[in-house]
Amino acid sequence: MVAQEFTKLYYRTANCLTSDIIADFAPVSRIMGVDVSSGMGVVFTAMGTRFDMQYVAKEAFAATDNYEADTRSIDDAPVTEVMRYIRSELVAGDKVPEEYKAFTKNVLAGESVFKQFSEYEEGEKDAQTIFLISPSAMDPKKTAKQFSKVAGEAGERVRCTNQYKDCGYLLLQLGQMDRANALAGELMSELGKYERIVTDDSYVLDALLVLCPELGEKIQFIDEFCFEIRKYLSLPEKNITLHESGVVERLYPGRKVDYCELFPKSEVKLPQRNGFDVTDSGIAGGLGLAEPGNLVVIAKRRMMDLSACGQDVIVTPCACEALGLNCAEGETVKTLLEYICE
């Protein structure tokens, strides 16, 4: 990930951030999950003055996931990159708002922002496959058992761990490239010795592919892995509504899995907004935890979309997205691993 120069970012985003085409999804409006913006908006103003990033500090953290705005941009403006740039400027200038300082401090210290996080590891040190458990997992031991069961059906020797936490995802979201690149060397050394690297967290997937591109052919999202070994699995037969990974759909479409083929005896339903237009949960790999009120609003909006399909079960491959969606009251979302291991 290479940060763009300010001038390039500014001119590419000026029109997009003021367009009412994306008003409901722009960083200015995302504070409450509805359109509350008017005129140019504070993001554009702050970018224009360049030296007043503190005036858009609230929006920089409240806008947890701007890929929806990117989707609707009429001139391909990198809204997500703009907000990452603003967050990096706030950190560099020691102007992080008081309510986000503890969160930012945790990220910079390499600590997990998930309160339930506890380090866990099991399996063979000389395994073929390493499974990177999502740091959002409520019960990493249970997740490890589930993956070991699935992988064991295909005869894979595995090591399961969450010791690498989010693999630098939130460092990237705060624009801390020096710290992230330092972590990349450790990841390359530790993970490169395995034949296969699998994770059930789409944000971990993103961080690995950004920081360790040389390992790209070894890295798999959990649904890619399950699809590859599907002939060994006894899969449930229910009507499934699928909450796809926005990270995969928008950033790595070549890794998209055909769930109709993965579950040939099930009816796989997609909500109205899916594919490139998918709405994420708002948890944003942990960044959403800095604004828990927003997270609930965004998760509720997505759950209304998912619950309208008349399914037996709602499934998502991403454990972090499942946690975010389950912040909303209503139907429970299951991870792909949970569903397969029922």
Side-chain angles (χ1 to χ4, degrees), residues 65 67-68 71 131 134 136-137 142-143 146-147 149-151 153-154 156 196 198-206 219-285 298-342:
D65 184 350
Y67 291 122
E68 290 177 75
T71 300
F131 176 57
S134 171
S136 70
K142 180 180 178 180
T143 301
Q146 289 169 340
F147 182 77
K149 176 183 177 181
V150 170
E153 296 292 334
E156 293 269 334
R196 195 196 313 251
V198 183
T199 182
D200 64 340
D201 190 311
S202 59
Y203 304 98
V204 170
L205 174 76
D206 187 27
I219 298 168
Q220 288 185 317
F221 195 29
I222 184 63
D223 56 0
E224 293 180 277
F225 176 75
C226 291
F227 187 84
E228 185 176 310
I229 66 167
R230 63 191 183 281
K231 68 179 181 181
Y232 299 106
L233 304 178
S234 298
L235 300 171
E237 299 177 17
K238 295 182 179 180
N239 291 336
I240 303 166
T241 290
L242 178 64
H243 172 71
E244 297 162 298
S245 162
V247 169
V248 171
E249 293 293 328
R250 297 185 184 96
L251 303 181
Y252 308 105
R255 292 176 176 269
K256 184 174 180 178
V257 165
D258 184 344
Y259 274 75
C260 292
E261 192 171 344
L262 177 59
F263 295 108
K265 297 181 180 180
S266 300
E267 181 181 356
V268 179
K269 303 180 179 182
L270 295 174
Q272 183 175 0
R273 292 177 58 190
N274 61 82
F276 191 76
D277 201 37
V278 70
T279 304
D280 292 317
S281 70
I283 199 167
I298 297 166
K300 283 183 177 179
R301 192 166 63 176
R302 180 54 171 171
M303 284 303 294
M304 287 178 62
D305 189 26
L306 291 166
S307 300
C309 296
Q311 66 287 319
D312 297 322
V313 61
I314 300 174
V315 174
T316 181
C318 180
C320 193
E321 281 292 293
L323 180 68
L325 291 170
N326 286 326
C327 289
E329 295 180 358
E331 196 167 350
T332 299
V333 176
K334 293 187 177 182
T335 68
L336 179 62
L337 266 181
E338 287 176 322
Y339 180 62
I340 289 177
C341 293
E342 283 186 334

Name all residues meeting the side chain to side chain donor-acceptor pair (under 3.5 Å) criterion together with Arg230; count only those two or more places apart in sequence or in a different chain, and write none if there are none.
-> Glu261
Can you measure from CD (Glu342) to CG (Leu235) and round to the nearest 0.5 angstrom?
-> 11.5 Å
Do Glu228 and Arg196 meet the salt-bridge criterion of a basic N to acidic O distance under 4.0 Å?
-> yes
Counting distance only, does the side-chain N/O of Glu267 pair as donor-acceptor with the main-chain N or O of Asn239 below 3.5 Å?
-> no
Look only at the side chain of Lys269 and the backbone of Gly310, and say whether a donor-acceptor pair between them is shorter than 3.5 Å.
-> yes
Straight-line distance of Asp280 CG to Cys318 SG, nearest 0.5 Å = 8.5 Å
Gap between atom SG of Cys327 and atom CE of Met303 - 0.5 Å precision = 11.0 Å
Is a donor on one side and an acceptor on the other found under 3.5 Å between the side chain of Asn274 and the backbone of Pro271?
-> yes
Looking just at side-chain N and O atoms, do Tyr259 and Glu244 make a donor-acceptor pair shorter than 3.5 Å?
-> no
Do Glu331 and Gln311 have a side chain donor and acceptor closer than 3.5 Å?
-> yes
With a 3.5 Å cut-off and no angle check, do the side chains of Thr279 and Arg273 form a donor-acceptor pair?
-> yes
Measure the acute angle between the ring planes of Tyr339 and Phe263, then classify it against the limits of 30° and 60° as parallel, tilted or perpendicular.
-> perpendicular
Between Ser266 and Lys238, is there a donor-acceptor pair closer than 3.5 Å when you use the side chain of the first and the backbone of the second?
-> yes
Drop me the distance from Thr316's OG1 to His243's NE2, to the nearest 0.5 angstrom.
-> 4.5 Å
Inspect the surroundings of NZ in Lys142 and state if more than 12 heavy atoms from other residues, nucleotides or ligands are less than 6.0 Å away.
-> no
To the nearest 0.5 Å, what is the distance between CZ (Phe225) and CD1 (Ile219)?
-> 15.0 Å
Can you measure from OG (Ser136) to CG (Asp201) and round to the nearest 0.5 angstrom?
-> 5.5 Å
